Each structure stands twice: as structure tokens, then as C-alpha cells.
Amino acid sequence: MMMNIIEQTEVYIRENRMISEDDVVITGVSGGADSVCLLFVLCNLQQRMGFRVKVCHVNHGLRGEDADADEQYVRELCRRMDVDFRVFHEDVELIARNRKQSQEEAGRAVRRAAFEKMCQEDGGTKIATAHHRDDNVETVLMNISRGTGIQGLCGIWPVRGKWIRPLLYLDRRRIETFLTEQGLTWRTDLTNKEDAYTRNRIRHNILPAMTDQINSGTVKHIDELSAQARELWEYLDQETSRAMQRCTAGLEGGGLAVDGEILERESGAVKKQVIKRCLASVRGEEKDIGATHILEVLELLSRQPGRTVHLPGNVTAERVYSGIEIRRRQETAEKGTEIRLNIPGETQIPDKATKISCRLITDFDRKDAEEIPQKSYTKWIDYDIIKCSLSVRTRQSGDYLTVDESGNRQKLKSYFINEKIPRRERERMILIADGNEIVWIPGHRMSKRYQVGDNTERVLEIKITEDKKNVRDDQSTDSGRKSR
């Protein structure tokens with residue numbers, strides 16, 4: 001004997017582990033055939049399976065008396081079935097206008113928020129919606145028409161966290177036949193017969209044409225494709241998670257660093273998903289991240305360090321020596337801003353936990369040369385060589401270093417490139433400068449011209465104290481003393 005829909009739904013629920021004993025299932029009921037069927041089936045299963053049903057109805061305020069009649073129908077239905085229910089009233093037209101969304105988008109968001117609110121306030125553990133096989137096929141076709149990958153072919157998932165779809169295996173015709181057999185009526189939303197919405201056009205025009213003119217099993221075949229895509233997606237998702245652990249790391253101040261060498265070892269599909277997940281993580285959502293954006297980021301791996309692409313959601317991806325850094329765009333320090341050092345005295349750098357102390361040593365003894373500080377955050381320089389006045393600033397056009405005792409110069413930009421210092425770091429590094437000549441790049445090196453030598457008469461000690469973000473606490477070979 002063939003199982004009826006109640007028995008089949010129980011099997012489907014158990015196969016997909018949708019509901020456990022003692023669950024409280026918040027069930028969305030609009031009054032339409034699908035949701036009435038869902039409520040009837042769950043009410044017949046709740047005692048047998050040990051869960052409890054509660055109903056959530058949302059009145060969108062869009063169809064006037066018809067919407068009020070839907071609400072009243074659901075109230076009476078819940079009373080007959082002895083089910084707890086709540087009704088939420090929302091002005092979807094106003095919400096859509098304020099959010100600059102379509103009424104369809106705003107309606108979905110409003111319903112989701114109502115289900116979540118009731119789940120939180122009424123002890124819900126699961127949220128059940130009445131999506132069925134036709135809904136799934138329509139979703140897949142809509143995703144294909146708009147441009148999609150494997151994820152879009154997955155369609156509607158039977159289980160997504162606490163959200164469940166117990167009727168997803170059924171088609172619309174079987175649902176309506178079942179309700180008629182049970183003597184149950186339902187409300188019909190006349191807007192579902194209009195072609196104003198994309199989904200309705202697919203439902204009324206595209207699917208019937210494919211079924212009648214191409215293959216009568218179109219709906220079944222697309223639904224099977226969707227199930228296969230979900231299996232592939234689960235595998236790809238797991239591989240992407242493993243790859244994320246291997247090749248990504250957090251960045252100071254926010255963002256993600258992607259190790260280019262490790263990423264290149266991954267398959268093409270995994271590479272794309274890693275980048276997509278990184279972009280979504282930095283941005284906070286996946287919306288508007290398309291295949292073009294992902295390819296733009298991956299193409300950076302074949303470009304020179306310093307190349308940057310700008311992406312939706314105020315996100316940038318920059319090619320660095322180790323791979324790619326993905327961040328939210330931020331205002332950088334203004335180039336050319338200078339603060340003159342107090343000599344002697346202390347200078348505080350605004351917006352940084354950095355203090356620069358300058359001490360002038362006028363009674364310099366040649367024996368002190370052997371005691372010149374070696375830490376990279378303290379330097380001694382020949383005070384009498386300074387031609388302008390010392391300042392602390394970020395880099396400027398025309399900056400250079402004296403790199404040897406013969407007075408040969410190197411552009412600061414060339415030094416940064418040779419040392420493989422990422423461009424973003426270059427923009428915020430503090431420099432001790434004498435006009436356009438860089439005296440000291442804290443944490444890296446100082447100019448040969450300013451080093452203390454045998455002819456030095458006065459020494460300027462510069463000491464930087466901070467939270468170690470910009471300096472290395474190492475034993476630098478650039479001590480501040482000339483070699484003999």
C-alpha cells in the first residue's frame with residue numbers, strides 16, 4: 001500500500017534529520033495551500049515524533065480586505081487544530097520604500113524577521129516553511145537566468161541551520177490534491193496569478209513551455225540536478241574550509257592575508273571559493289560579489305606587488321610579495337604632514353601610540369662611541385650634519401637615503417621595493433627626515449651620512465617608544481656609528 005503524504009513527510013523529515021524530540025517548530029502559515037498542508041501534516045506528526053507546533057502569520061498590509069481575510073482564516077484554522085499562533089502586522093510597502101527594495105524583497109525580509117522574533121520569544125528551536133519541489137525548480141531557473149555557479153544550482157536546501165522545509169519533496173499538484181482529499185480549504189492570493197514578479201513569469205510561462213514542448217519530466221529532472229549540486233557543494237565547501245586554514249591569516253587592523261604560493265596549489269574551484277569567502281568575510285556579506293570580482297582578485301597573483309583592485313562594499317585587494325591582502329578601504333595618513341621634533345624634548349605623534357624623545361649630548365666623549373645604543377628603536381646621529389630641522393612624517397615625493405660613505409643616494413621608493421615592504425605599510429610608516437633626506441626609517445635602517453664618526457662633536461639621541469607596531473626590537477647593524 002502506498003504511503004500517504006503524512007507518512008512520506010515523516011520519512012523525509014527523519015532522513016534529513018529536520019526535527020528532533022522536544023523541538024518547538026515555528027511554522028509559517030499564510031493561508032495558502034502549501035502552508036495549510038504543512039500545518040496539517042506537522043500537527044498529525046507532532047505527537048508521534050514528540051515535537052510541538054506553533055504558528056506564525058505575517059499580514060503584509062498590501063491587499064487590504066483580502067489580507068485581513070487571510071489572517072482571520074489562519075486564526076480560525078489554528079483554533080480548530082488547537083495550535084498556538086502569533087500574528088505580525090507590517091507595512092511592507094513603506095518598508096520597501098524606505099529600504100529601496102522591491103516589495104517582494106521587503107516581504108521576504110519581514111517574514112524572516114517575524115519567524116526569528118517568534119522563535120526567540122516563544123522558545124522555538126526550528127522554523128518550518130512550506131517550500132515545495134516547484135518552488136525549488138523555479139529558484140534554480142531564476143538563479144540560472146541571473147547568472148550563477150554551483151551554489152545557485154543547489155536551489156532551496158531541505159535544512160539550513162534551524163530552517164527546515166518538510167514538503168520540499170512534493171509538487172504543488174500533489175499538495176492541492178491531498179488537501180482536497182482531506183476536506184481542507186485554503187486561501188488563494190490573486191497576486192500569485194499575475195506576472196509582475198519574476199518567479200510568477202517562470203511559473204506561468206517558462207516551466208509550462210519546457211514541460212509541454214521539451215520534456216514532460218522537466219521539473220523532476222531539474223530537481224534531481226539541484227540535489228546533485230547540493231552534494232557537490234557540500235564537498236566543495238568542506239575543501240574550501242580546509243584551504244582557508246592552510247592559506248589565510250588575519251591582518252592587523254582587520255582584513256585577511258592570502259598566501260599566494262599555497263593558494264596556487266589548490267584546484268581552480270577551491271581557489272575561487274577561497275577568494276569569495278575572503279571577500280565576504282571582510283565585507284560582511286556575499287551580496288554583489290560576482291565571478292568577475294573573484295577573477296580580478298585571482299589575476300593579481302600574476303601581477304607585480306603593489307597592484308590593487310577595488311571591489312564592491314568598500315573592499316580592496318592588493319598584491320603583496322607573499323600573496324594578496326584583502327581589506328576594507330580606510331583613510332590613510334595624509335602625505336606630507338610633518339611634525340617638527342622638539343630638540344631637546346618629547347614629541348607625541350597624533351593618532352598613534354608613539355612618543356619620540358630627543359636628547360642632545362654636548363659633552364660627547366670618544367669612548368662613548370663603543371656604547372652607542374644598538375636597539376632599532378634608539379639611534380644616535382651626528383647633530384651637526386643636520387641641514388634643516390628634523391621632522392617626523394610619512395613619505396613624500398623626492399625622498400631619498402644616503403646608502404654608503406661615498407654619499408651615493410637611493411630613492412626611498414626603490415629602497416621599499418628592494419626590501420619588499422608592502423605598499424600599504426609604506427604609506428603609514430613614520431620617518432625621521434631632514435628635508436627630503438631620510439635620516440632614519442625606524443625598524444629598518446638609517447642614513448649613512450648622519451652616523452656618528454670620529455669627527456662628531458655633538459650627538460643627538462632619538463628614542464621611539466610605542467606599542468611596537470612600527471619597529472622591530474632587534475639588534476640592528478645600523479647602530480648610528482660609522483664603521484672605521
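Owing to the predicted nature of the structure, the values given are computational and were not obtained by experimental measurement. What's counted below: heavy atoms across the whole structure, side chains too, no hydrogens, waters or symmetry copies.
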Asker: Roughly how far apart are Leu301 CG and Ile324 CD1, rounded to 0.5 Å?
Answerer: 4.0 Å
Asker: Can we say Arg277 and Asp237 salt-bridge, meaning some charged N sits less than 4.0 Å from an Asp/Glu carboxylate O?
Answerer: yes
Asker: Nearest 0.5 Å, please: how far is CD in Glu10 from CG in Asn4?
Answerer: 10.0 Å
Asker: Nearest heavy-atom pair of Met81 and Cys43: which atoms, and what distance?
Answerer: SD-SG, 4.1 Å
Asker: Could you tell me whether Lys117 atom NZ has more than 12 heavy atoms of other residues or ligands within 6.0 Å of it?
Answerer: no
Asker: Are the side chains of Asp84 and Arg52 in touch, meaning some heavy atoms are under 4.5 Å apart?
Answerer: yes
Asker: Between Leu153 and Trp233, is the side-chain contact (heavy atoms from CB on, under 4.5 Å) condition met? List the steps.
Answerer: CA-CA 9 Å; Leu153 293 180; Trp233 180 257; over 6 Å; no
Asker: Could you go through Cys278 and Met244, starting from their C-alpha distance and side-chain angles, then the distance that decides it, and tell me whether this counts as side-chain contact (heavy atoms from CB on, under 4.5 Å)?
Answerer: CA-CA 9 Å; Cys278 287; Met244 288 284 290; 3.9 Å; yes
Asker: If I compare all heavy atoms of Val274 with all of Thr240, which pair ends up nearest, and what's the gap?
Answerer: N-CG2, 3.9 Å
Asker: For residues Ile26 and Cys119, report the shortest heavy-atom separation together with the two atoms involved.
Answerer: CG1-CA, 3.9 Å
Asker: Got a salt bridge between Arg445 and Glu419, using NZ or NE/NH1/NH2 to carboxylate O under 4.0 Å?
Answerer: no
Asker: Decide whether Gln228 and Glu224 meet the rule of one side-chain donor and one side-chain acceptor closer than 3.5 Å.
Answerer: no
Asker: Is it the case that over 12 heavy atoms from other parts of the model lie below 6.0 angstrom from the CD atom of Glu121?
Answerer: yes
Asker: Between Thr125 (side chain) and Val24 (backbone), is there a donor-acceptor pair under 3.5 Å?
Answerer: yes
Asker: Does Tyr321 use its side chain to pair, donor to acceptor, with the backbone of Ile417 at less than 3.5 Å?
Answerer: yes
Asker: Can any side-chain N or O of Tyr12 pair as donor or acceptor with the backbone N or O of Pro158 at less than 3.5 Å?
Answerer: no
Asker: Identify the heavy atoms of Leu401 and Ile438 that sit nearest to each other, and give their distance.
Answerer: CD2-O, 3.4 Å
Asker: Should Ile6 and Phe40 count as side-chain neighbours, where that means a heavy-atom distance under 4.5 Å?
Answerer: yes
Asker: Are Glu105 and Arg108 side-chain neighbours, meaning at least one heavy-atom pair lies under 4.5 Å?
Answerer: yes
Asker: Does any part of the side chain of Arg203, heavy atoms only, come nearer than 4.5 Å to the side chain of Asp135, both counted from C-beta?
Answerer: yes
Asker: Looking at Cys154, is its backbone amide N or carbonyl O close enough to the side chain of Arg230 to form a donor-acceptor pair, meaning the two atoms are under 3.5 Å apart?
Answerer: yes
Asker: Take Leu431 and Leu412 through the test side-chain contact (heavy atoms from CB on, under 4.5 Å) and record every step on the way to the result.
Answerer: CA-CA 11 Å; Leu431 309 168; Leu412 182 63; 3.7 Å; yes
Asker: Hey, which of Lys272, Lys271, Arg246 is the one that makes salt bridge (Lys or Arg N to Asp or Glu O under 4.0 Å) with Glu266?
Answerer: Arg246
Asker: Return the CG to CZ distance between Asn136 and Arg133, rounded to the nearest 0.5 Å.
Answerer: 9.5 Å
Asker: Atom CG of Leu170 and atom CD1 of Ile175: how far apart are they, to the nearest 0.5 Å?
Answerer: 5.0 Å
Asker: May I ask you to decide whether Glu239 forms a salt bridge with Arg242, counting only side-chain N to carboxylate O separations under 4.0 Å?
Answerer: yes
Asker: Return yes if some donor-acceptor pair links the side-chain N/O of Arg319 with the main-chain N/O of Leu300 below 3.5 Å, else return no.
Answerer: yes
Asker: Can a donor-acceptor pair be found between the side chains of Asp70 and Asn59 at a distance below 3.5 Å?
Answerer: no
Asker: With distance as the sole test, does Lys126 use its side chain to make a donor-acceptor pair with the main-chain N or O of Ile164 at under 3.5 Å?
Answerer: no
Asker: Drop me the distance from Thr27's OG1 to Phe115's CZ, to the nearest 0.5 angstrom.
Answerer: 9.0 Å
Asker: Identify the two heavy atoms, one from Asn215 and one from Thr218, that lie closest to each other, and give their separation to 0.1 Å.
Answerer: O-OG1, 2.6 Å
Asker: Is a side-chain donor or acceptor of Ser20 paired with a backbone partner of Asp23 at a separation under 3.5 angstrom?
Answerer: no
Asker: Does Glu116 pair with Lys162 as a salt bridge, N-O distance under 4.0 Å?
Answerer: yes
Asker: Do Lys276 and His293 make a side-chain contact, defined as non-hydrogen atoms from C-beta onward lying under 4.5 Å apart?
Answerer: no
Asker: Trp186 versus Thr180: any side-chain heavy-atom pair under 4.5 Å?
Answerer: yes
Asker: Taking the side chain from Ser226 and the backbone from Ile222, do they hold a donor-acceptor pair closer than 3.5 Å?
Answerer: no
Asker: When you look at Val137 and Asp171, which way does the side-chain contact (heavy atoms from CB on, under 4.5 Å) test go after all the steps?
Answerer: CA-CA 10 Å; Val137 172; Asp171 59 41; over 6 Å; no
Asker: Any sub-3.5 Å donor-acceptor pair from Arg165's side-chain atoms to Trp157's backbone N or O?
Answerer: yes
Asker: Working to the nearest 0.5 angstrom, can you tell me the gap between Asp223 CG and Leu168 CG?
Answerer: 6.5 Å
Asker: Are Glu176 and Arg172 ion-paired here, with the side-chain N under 4.0 Å from a carboxylate O?
Answerer: no
Asker: So, applying side chain to side chain contact (heavy atoms under 4.5 Å, CB included) with Arg80, which one of Leu77, Val83, Asp82 is it?
Answerer: Leu77
Asker: When Val320 is tested against each of Lys420, Arg307, Glu325 for side chain to side chain contact (heavy atoms under 4.5 Å, CB included), which residue passes?
Answerer: Glu325
Asker: Would you say CD of Glu76 has more than 12 non-hydrogen atoms from neighbouring residues, nucleotides or ligands within 6.0 angstrom?
Answerer: yes
Asker: Between Ala106 and Gln101, which heavy-atom pair has the shortest distance, and what is it?
Answerer: CA-OE1, 3.5 Å
Asker: Determine whether Arg75 and His57 make a side-chain contact, defined as any pair of heavy atoms from C-beta on separated by less than 4.5 Å.
Answerer: no
Asker: With no hydrogens and no angle check, do the side chains of Ser414 and Tyr400 hold a donor and an acceptor under 3.5 Å apart?
Answerer: no
Asker: So do Glu181 and Thr177 actually touch side chain to side chain, heavy atoms under 4.5 Å?
Answerer: yes
Asker: Tell me if a side-chain donor or acceptor on Asn44 pairs with a main-chain N or O of Val41 at a distance below 3.5 Å.
Answerer: no
